[in-house]
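Each chain gets a letter, A, B and so on, in the order its sequence line appears, and its residues count up from 1.
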Amino acid sequence: MSGKRTLIPDWAKRTTEDLLVTHGEGPHVVVTGISPSGDIHVGNLREVLVGEAIANALKTCGAGVHFVFHADTIDPLRRIAPGVPEEYERYIGHSVSRIPDPEVCHASYAEHFLAPFEEALRRMEIDIEVVRSHQLYEDGFYAAVTREALLHTAKLREILQKVSGRKIPEHWSPYLPRTTEGRLGGVRILEHLPEENKVIFVDEDGWEDAADYSKGEGKLGWRVELAARWKALCATFEPFGKDHTSRGGSTDTADQMAQEVFRYPVPGRYEYEWIQIRGRGAMSSSKGIVLLPGELLKIMSPDALRRMILGRDPGRALDLDLTEGFPRFMDEYQASSGQLLVPFTHLVTISQIARGDTDAAVEMLLQGGYREAVSDREKLAENLAYAHNWAQNWASEPLKLGLLELSEAVEAARGLDETQLQYLNEVASLLEGSMDGDTVQSLLYTKAAEHGLKPKQAFAAVYTVLLGRESGPKAGPFIVSTGVWLAQQRFLGVIRDTMAGGVEG
RNA sequence: GGGCCAGUAGCUCAGUGGUAGAGCAGGGGACUUUUAAUCCUCGUGUCGUAGGUUCGAUUCCUACCUGGCUCACCA
């Protein structure tokens, strides 16, 4: 029921078996990575989870595995993320690790977006080493491959041109030094001094300068860096989103560069499809269509999130339905993970009535016959919190239960007829704070009959005044949970205001 | 145009080389102290189209049609 089960899905098993054949028994290095130039969303999380699944499968086969998250913190800012002030335009071309945090809460622009993601990785207990590329460059980790790249500039340029089909400028260089203004690239390399780890370059204004590539004074261009990084990190496997894997794309060029220039075997690969949010479209940091892992961890457990993001097969596009479809997902998840089954929608109702009072929730669950579900109170409290958060943020209106303000209640009560109002009036006069749920329920029912109201009409009156709807959770226990006194005041208040407003007596 | 993915009951989707399944919706019934409550019951759909392989294909292959996404360093 608890404990971490590592079940290996079919797609991961197949991929891993191939990998063991093509790349040997290990030790393996599984690499994932992303550029923190904007929100790191659950689409990005899919890459990490695919990597994790492969890493786990490798471990199960007895192979040694090192699992790495390569944060591309040295990457230049290309466009400012939504919500970032416009004056950040002037940082375009600067390394995101060297740009101030727009909200001043972290050490840099990069950290601002990286931190929440790292927090999610931690909460999901993913066994991964997070490295920052600006750190690696500054530590000289990429010095050797950078030197190699510079020495093979002509060959790299040829590959780039041939494979991508793009015209590459004459003076192209795989290395982008940082100018005195802090911008990467846009300069011309004049000379490479391999024994000093330096390049001499001239900037747009004709100023000559030098950059030490063992100290992070520049970086490799993206496509070259990808291949170089495989070698430097000893990567044997890396998942890629489909945007990278199309013909002429970055994996195409990197594959050839790895083989012909770096003399390094191309790591195993898994191409995963993208995730869309139902009704909003494909996730995109730049369009502001984004769902953060942290948001989802508010409504489900890490394990459920893992299941949701991977889907049946990450090679297939996923259309995340967090509204109507979510309860079903949760029920299926619970069933398949052997947990006690309380229908999610029921949990949603209870969580909203109990509002954090676990004792009250236990009471209601017992009444509903969910005896087993209350045995683990800690777990239950957690699930109630998930359900409650979901109700707040994602549920459609009919599933939300919120008490009306008095003025809203008066407004809603206009739809009630006189008999219903009189019924509420009498009920209010008979309610007592000491009553329990069943007593209130029975009071509501008997008084309905006495007023000649069908139960449905009577209860509709109650729900209308309290919730603004014609139906709701079982009325007696609900009223007790809100506090009998509160319901009583609400009934009386509505009667008073409605009568004063001109309803005939 | 290249690539990837999909096209199965009204909707959302499972599924397997051998007479097609689930959930929801919908119909019928029970209950009748209310609920998007509970219980019972009801599904012959050209499994996108056309070919091929096979004793036999929805499941494998080919072509095509339709839809989605992706190919400017945004997973």
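The gap from the P atom of B/C69 to that of B/G28 amounts to 40 Å, rounded to the nearest Å. Comparing the P positions of B/C13 and B/G18 gives a spacing of 25 Å, expressed to the nearest Å. Taking atom P on both nucleotides, B/U49 is separated from B/A20 by 16 Å, rounded to a whole Å. For the P atom pair drawn from B/U62 and B/G68, the interatomic distance equals 24 Å after rounding to whole Å. Separation of the C1' atoms belonging to B/C73 and B/U59 is 41 Å when rounded to the nearest angstrom. For the C1' atoms, the distance linking B/U54 with B/U70 amounts to 37 Å, nearest Å. Here, B/C39 and B/C24 have their P atoms 11 Å apart, quoted to the whole Å. Nucleotides B/C31 and B/C40 are separated by 11 Å at their C1' atoms, to the nearest Å.
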Which protein N or O atoms sit under 3.5 Å from an N or O of nucleotides 7-16 of chain B?
none

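In this structure, A/D331 places its CG atom 18 Å from P of B/A22, rounding to the nearest Å. The OH-P distance, from A/Y463 to B/U33, rounds to 14 Å in whole Å. Atom pair A/L444:CG and B/U35:P shows a separation of 14 Å (rounding to whole Å applied). Between the OH atom of A/Y270 and the P atom of B/C4 there is a distance of 14 Å, rounded to whole Å.
Ring orientation note: the planes of A/H106 and A/H112 are nearly perpendicular, at an angle over 60° on the 30°/60° scale. Ring geometry for A/H244 against A/F240 counts as perpendicular: the plane angle is over 60°, on a 0 to 90° scale with 30° as the lower cut. Taking the six-membered ring where the residue is Trp, A/W390 and A/F326 present parallel rings, their angle staying beneath 30° rather than reaching 60°.
In this structure, a donor-acceptor pair under 3.5 Å is absent between the side chains of A/Q259 and A/Y264.
Residues A/F141 and A/V131 have side chains not in contact (no heavy-atom distance under 4.5 Å, counting atoms from C-beta outward).
When Watson-Crick and G-U wobble pairs are counted only if both distances are under 3.5 Å, B/U62 pairs with B/A50. Pairing for B/C69 is with B/G3, a Watson-Crick or G-U wobble pair whose two hydrogen-bonding atom distances lie under 3.5 Å. Here B/C24 sits opposite B/G10 as a Watson-Crick or G-U wobble pair (both hydrogen-bonding atom distances under 3.5 Å). Nucleotide B/A57 forms a pair with no other nucleotide shown, judged by Watson-Crick or G-U wobble geometry with both contacts under 3.5 Å.
Sorted by first and then second residue, the salt bridge (charged side-chain N to carboxylate O under 4.0 Å, His left out) pairs involving residues 442-453 of chain A (not counting sequence neighbours) are A/E426-A/K447, A/K447-A/E450. A salt bridge (charged side-chain N to carboxylate O under 4.0 Å, His left out) check over residues 75-86 of chain A, counting only residues at least two apart or in different chains, returns the pairs A/D75-A/K219. Judged as a side-chain hydrogen bond (donor to acceptor under 3.5 Å, both in side chains), the pairs with a partner in residues 157-167 of chain A (not counting sequence neighbours) are, in order, A/K162-A/Q256.
Ranked by how close their nearest RNA chain B nucleotide is to the 5' end, A/G315 and A/A460 are led by A/G315.
Within 6.0 Å of CZ in A/R98 there are 12 or fewer heavy atoms belonging to other residues, nucleotides or ligands.
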Note to self: So if I define the base as every atom that isn't primed, P, OP1 or OP2, how would nucleotides 70-75 of chain B read as a B/S/- string at a heavy-atom cutoff under 4.0 Å?
What the structure shows: SSBBBB
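Here A/R90 pairs with nothing under the side chain to side chain contact (heavy atoms under 4.5 Å, CB included) rule; sequence neighbours left out.
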